[in-house]
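Scroll down for the structure; my scribbles are underneath it.
Source: prediction; values computed, not measured. Below, chains carry the letters A, B, ... as their sequence lines are ordered, and counting in each starts from 1.
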Protein chains: 2
Amino acid sequence: MIVNQKVNFMTVQQMAQLDATFSALSDGTRRAIVARLADGETTLSDLAAPFDMSLTAVSKHLRVLSDAGLVDIEKRGRTRHCRLRGAPIKEAVDWLSKYESFWIDRFDALARHLAKEENEK
Amino acid sequence: MIVNQKVNFMTVQQMAQLDATFSALSDGTRRAIVARLADGETTLSDLAAPFDMSLTAVSKHLRVLSDAGLVDIEKRGRTRHCRLRGAPIKEAVDWLSKYESFWIDRFDALARHLAKEENEK
DNA sequence: ACTTTACTCAACCATTCAGTTGACTATAAT
DNA sequence: ATTATAGTCAACTGAATGGTTGAGTAAAGT
């Protein structure tokens, strides 16, 4: 089985990591959790409090974030303490940054402008 | 109906845009399409060629990217020409950047190091 | 005029996802 | 010893996702 196959200069693992990161962050609740954790470590109950959903639901969200490697969960007595991990986020930023302020937007604007001029002749 | 409600200094629209952007990018096929479009404008058929799936499937992926505002699709005769738009990507990068190189990782590393020392005593 | 190309659309399918509830477990507090 | 707290787990639901196929349409090539 080929596991280290590269697609577009990217290993399958890196692809999977990006899948996990982006899909973890595609949910507003989970982004809120990330934002909250940026203010410091917290327990699951504390995290869940502001949300209008069951503890189980938040626990599941947290699990998604944890599986994606975005947060660390540490069991301490009967509480779970969660904190943010920056590494996978950095990978996502690195990927995105390639396409961010892309010249294409400026080209678009120009193309539209020319098309409009053409129509108005 | 409240439409401009702000949650954590972010409008619901901005939240929805981030939802759309991250979830659009959570699929490898769609990220490949974005990467491909960074090399320049292409038609749907051209885009679809390298993928081992139906044209319909790729068309759907493209629709997702278009709905998320990540690509522009322009009908020209019987072909659809697609190009990348940088703006929503920039928003995603801006959001992510807040949490990227977070001090927490360094703290983690330190904590783990100390814990290890403790164990080795 | 006929055929091919480049799609779209609708219907369907299997899987995943976000949420629920109710029962359970382990730790901490009284 | 009992009770409350913090959380997990399994089972269920409804909606969304990623894919398929087959039929249809509009433009281009011959």
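With rounding to the nearest 0.5 Å, the separation of OH in B:Tyr99 from CG in A:Leu37 is 10.0 Å. With rounding to the nearest 0.5 Å, the separation of CZ in A:Phe22 from CD in A:Gln17 is 10.5 Å.
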Could you go over nucleotides 26-30 of chain C and give all protein N or O partners under 3.5 Å, atom names and distances?
from	atom 1	to	atom 2	distance (Å)
C:dT27	O2	A:Arg78	NH1	3.1
C:dA28	O4'	A:Arg78	NE	3.4
C:dA28	O4'	A:Arg78	NH2	3.4

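With sequence neighbours left out, B:Ser54 forms a side chain to side chain contact (heavy atoms under 4.5 Å, CB included) with B:Thr56, B:Ala57.
Side chains of A:Arg80 and A:Thr43: a donor-acceptor N/O pair is absent below 3.5 angstrom, by distance only. Side-chain contact, A:Ser59 with A:His61: no donor N or O sits under 3.5 Å from an acceptor N or O.
Checking the phosphate oxygens (OP1, OP2) of D:dT8, a side-chain nitrogen or oxygen of A:Ser59 falls inside 4.0 Å.
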Can you give one letter per nucleotide of nucleotides 9-20 of chain C, 5' to 3': B if a protein heavy atom sits under 4.0 Å from the base, S if only from the sugar-phosphate, - if neither? B-B------SBB
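Using a 4.0 Å cut-off between a side-chain N of Lys or Arg and a carboxylate O of Asp or Glu, A:Glu74 and A:Arg76 qualify as a salt bridge.
Listed by first and then second residue, the salt bridge (charged side-chain N to carboxylate O under 4.0 Å, His left out) pairs that reach into residues 48-71 of chain A are A:Arg63-A:Asp67, sequence neighbours excluded. Counting only residues at least two apart or on different chains, the salt bridge (charged side-chain N to carboxylate O under 4.0 Å, His left out) pairs with a member in residues 21-34 of chain B are A:Asp19-B:Arg31.
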Strand DNA chain C as a dot-bracket string - pairs counted if Watson-Crick or G-U with both distances under 3.5 Å, | where the partner lies in another strand: ||||||||||||||||||||||||||||||
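The CG-P distance, from B:Leu62 to D:dG19, rounds to 13 Å in whole Å. Whole-Å rounding puts the B:Arg80 CZ to D:dA28 C1' distance at 14 Å.
No continuous path of hydrophobic side-chain contacts links A:Leu84 to A:Val64 [ILVMFWY only; heavy atoms under 4.5 Å].
With hydrogens and angles disregarded, no donor-acceptor distance shorter than 3.5 Å links the side chain of A:Ser66 to the backbone of A:Leu62.
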